[in-house]
Amino acid sequence: MNKVLVTGANGYLGAQVCRHLSQQGYAVSGLCYPSIPDDKQWQQPFAELLVGDVRDTATLGSIAKNGYDTIVHLVSLDHHQSNGDPAFVASVNITPTWTLLDTFSKNGLRKFIYFSTIHVYGKNIEGAVTEEHAVNCNNAYALTHYLSENICRYYADNSEVECVVARLSNSYGQPVFANNNCWWLVVNDLCRSAWTDKKIVLQSNGSPLRDFIYGKDVCQAVQILIEKGLNKNVYHISSGSTYTILELAQKVQQVYRKRTGVEIPITSANASTPTVSKPYNMVNDKLKALGFAPAYDLEAGIANVFDYLKNIFSDQLTATGDQ
Ligand SMILES: NC(=O)c1ccc[n+]([C@@H]2O[C@H](COP(=O)([O-])OP(=O)(O)OC[C@H]3O[C@@H](n4cnc5c(N)ncnc54)[C@H](O)[C@@H]3O)[C@@H](O)[C@H]2O)c1
């Protein structure tokens, strides 16, 4: 059986990926930080739950002795946090990639899946963007991910470990844990304001384009990369379709209307912002060639986020008579 260690196991994507891989029969070990979430149902299928700081080399050294076939590395500070003190940011976003590969490669590791971001391409992308597109990091978050990608490349060239880089677009969907760091993600944010405020307020004129991918489709992609991802390769995890933020807001509005009969307004807090995105799409043909087929369109994914919000905010909604 494939023994998989997932770092960031209690995070937004990590918690979903762990659940998915366990359901698919993997022996999943989850490395959580700063503690293991107190949820027996989520904990139950794990082969092992561990707590540890990825900055702590002694902890990683002792965990490595358990012997893992595969690591899925999902630890990073987010965009905002990555603008902090470079030494601290590097200690979380970059050095652990190196330490994990150094330590675990000496303990039988066969495959390392590194989660990066499409932000490595920078802002001025247009047309069909493949994994061969020039990298142009223009923020610290992207830079640290790209530096980690290069560490992976080094180990792919100089060790027995197969390294696969996943450049993820914008994921969305209901979290496993209410405190997951996910409500700033644009689809989740618009759904939440639609549900709780009965309006959608855009922070731009609605023209920026984004590729959105539902969490369960990300999980499917991770499994495919574990089973079939090729050494030294970079893969986009994306839906392959782009929407403007206004189109997204209209989708949210439409799904909300379908289930409640209520038309909520869409307004813009910054209607005069200039148009920034040129048309582009995040080509995912490489992943599709391995068998990836996104199962959730935006409408289905948004409906699931609303189902989640309905449960979370049921008291409030009863009070406002919107159920
Ligand atoms: N969510 C997205 O849409 C998206 C898009 C592109 C790339 N990514 C990348 O995917 C990965 C996972 O993202 P996410 O959305 O689940 O983020 P997240 O913030 O929810 O998860 C990060 C995890 O890292 C853990 N962590 C932070 N510092 C740690 C430390 N010192 N030691 C051990 N663990 C530590 C956190 O506890 C958390 O479990 C990240 O690398 C992120 O940059 C995410």
Side-chain angles (χ1 to χ4, degrees), residues 5-20 29-37 39 42 49-60 63 71-84 87-97 99-100 112-121 137 139-149 151-152 164-189 210-219 221-222 225 234-239 282 284 301 305:
L5 175 68
V6 178
T7 66
N10 57 318
Y12 174 58
L13 291 174
Q16 300 177 63
V17 165
C18 289
R19 185 171 59 189
H20 172 84
S29 298
L31 179 62
C32 300
Y33 178 82
S35 57
I36 298 170
D39 179 330
W42 179 76
L49 270 164
L50 309 157
V51 186
D53 187 333
V54 289
R55 293 170 295 172
D56 182 351
T57 47
T59 300
L60 296 186
I63 294 173
I71 291 179
V72 181
H73 185 40
L74 290 167
V75 170
S76 155
L77 302 171
D78 67 21
H79 301 62
H80 179 69
Q81 297 160 336
S82 296
N83 290 327
F88 170 69
V89 174
S91 77
V92 180
N93 290 11
I94 305 170
T95 311
T97 309
T99 312
L100 283 166
F112 189 83
I113 313 283
Y114 179 71
F115 254 68
S116 182
T117 167
I118 59 162
H119 283 269
V120 297
Y121 301 120
C137 300
N139 59 49
Y141 173 74
L143 175 64
T144 57
H145 271 303
Y146 190 57
L147 291 168
S148 271
E149 286 189 17
I151 293 169
C152 293
V164 175
V165 168
R167 290 184 184 151
L168 177 62
S169 63
N170 302 281
S171 73
Y172 73 97
Q174 67 283 15
V176 173
F177 302 116
N179 66 355
N180 279 146
N181 178 19
C182 70
W183 291 106
W184 57 272
L185 298 169
V186 62
V187 181
N188 290 0
D189 180 40
R210 299 276 184 277
D211 178 294
F212 303 108
I213 179 159
Y214 188 61
K216 289 194 175 179
D217 285 331
V218 176
C219 293
V222 172
L225 292 181
V234 177
Y235 294 88
H236 285 164
I237 300 183
S238 64
S239 69
M282 254 330 128
N284 58 6
V305 177

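What you see is a predicted model, and the numbers here were worked out from it, not measured in a lab. Just so you know, these numbers use all the heavy atoms, side chains as well, and skip hydrogens, waters and symmetry mates. Whatever order the structure lists ligands and atoms in, that order sets their numbers, starting from 1. All residue numbers in this chain count up from 1 along the given sequence.
- When all heavy atoms of Asn180 and Val176 are compared, the pair lying nearest together is OD1-N, 3.7 Å.
- For atom 26 (N) of ligand 1, the closest heavy atom belonging to the protein is Val75 CG1, 3.7 Å.
- Those atoms of ligand 1 that come under 4.0 Å of a heavy atom in Ser169, given as number and element, are 5 (C), 6 (C).
- The closest side-chain heavy-atom distance from Tyr214 to Val187 is not below 4.5 Å.
- Atoms of ligand 1 found under 4.0 Å from any heavy atom of Ser76, numbered from 1 in the order shown, are 22 (C), 40 (C), 41 (O), 43 (O).
- In the model, Tyr114 has a side-chain atom that pairs as donor or acceptor with a side-chain atom of His145 under 3.5 Å.
- Taking the ring pair (Phe, Tyr, Trp, His ring centres under 6.0 Å) definition, one finds that Tyr121 meets it with His133, His236, sequence neighbours left out.
- Here OG1 of Thr7 is found 11.5 Å from CD1 of Ile113. Values are rounded to the nearest 0.5 Å.
- The two residues Val89 and Gln81 come nearest to each other via the heavy atoms CG2-O, 3.7 Å.
- Taking the side chain as every heavy atom from C-beta outward, Ser76 and Asn93 approach each other to under 4.5 Å.
- Residue contact check for ligand 1: His145 places a non-hydrogen atom closer than 4.0 Å to it.
- Only the backbone of Ser116 comes within 4.0 Å of ligand 1, counting heavy atoms alone; no side-chain atom from C-beta on gets that close.
- At a 4.0 Å cut-off, not a single heavy atom of Cys182 sits close enough to ligand 1 to count as contact.
- In this structure, Asp78 has no heavy atom closer than 4.0 Å to ligand 1.
- The shortest N or O to N or O distance between Asn170 and ligand 1 is not below 3.5 Å.
- Here His119 has no heavy atoms under 4.0 Å from ligand 1, in either its backbone or its side chain.
- Here the closest heavy-atom approach between residue Tyr12 and residue Tyr172 is recorded as OH-C, 3.0 Å.
- Atom 31 (N) of ligand 1 has Asp53 OD1, 2.8 Å as its closest protein atom, hydrogens excluded (heavy atom only).
- Of all atoms in ligand 1, listed by their number and element, those nearer than 4.0 Å to a heavy atom of Asn10 are 37 (O), 39 (O).
- Considering all non-hydrogen atoms of both residues, Asn188 and Val305 come closest at OD1-CG2, 4.1 Å.
- Here the two rings, on Trp184 and His79, have centers that are under 6.0 Å apart.
- With a heavy-atom cut-off of 4.0 Å, Pro34 does not touch ligand 1 at all.
- The shortest N or O to N or O distance between Leu13 and ligand 1 is below 3.5 Å.
- Counting only non-hydrogen atoms, the option in Tyr141, Phe115, Tyr114, Phe88 that gets closest to atom 10 (O) of ligand 1 is Phe115.
- Contact record, Thr59 with Gly52: CG2-CA, 4.0 Å, taken as the closest heavy-atom pair.
- Looking at Leu168, Leu60, Val92, Val51 and measuring to atom 6 (C) of ligand 1, the nearest heavy atom belongs to Leu168.
- Remark: minimum distance from atom 19 (O) of ligand 1 to any protein heavy atom is reached at Asn181 ND2, 3.4 Å.
- Expressed to the nearest 0.5 Å, how far CE of Met282 lies from OG of Ser169 amounts to 7.5 Å.
- Annotation: atom 2 (C) of ligand 1 to nearest protein heavy atom, Ser171 OG, 3.3 Å.
- In this structure, atom 17 (O) of ligand 1 has its sub-4.0 angstrom surroundings free of protein heavy atoms.
- In this structure, Leu74 is part of the shell of residues with a heavy atom less than 4.0 angstrom from ligand 1.
- For ligand 1, the atoms closer than 4.0 angstrom to any heavy atom of Gly52 are 32 (N), 33 (C).
- Which parts of ligand 1 touch Gly11 is read off a 4.0 Å heavy-atom cut-off, strictly below it: atoms 20 (O), 21 (O), 38 (C), 39 (O).
- If you check which protein heavy atom lies closest to atom 32 (N) of ligand 1, you get Val54 N, 2.9 Å.
- Counting atoms of ligand 1 from 1 in the listed order, those under 4.0 Å from a heavy atom of Arg55 are 31 (N).
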> For Leu100 and Leu60, what are the C-alpha separation, side-chain angles and deciding distance, and is it a side-chain contact (heavy atoms from CB on, under 4.5 Å)?
Replying inline: CA-CA 7 Å; Leu100 283 166; Leu60 296 186; 4.0 Å; yes
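- Side-chain atoms of Tyr33 and Asp56, non-hydrogen and from C-beta on, never get closer than 4.5 Å to each other.
- Residue Tyr33 holds the heavy atom nearest to atom 37 (O) of ligand 1 of all those in Trp184, Tyr33, Tyr172, Tyr12.
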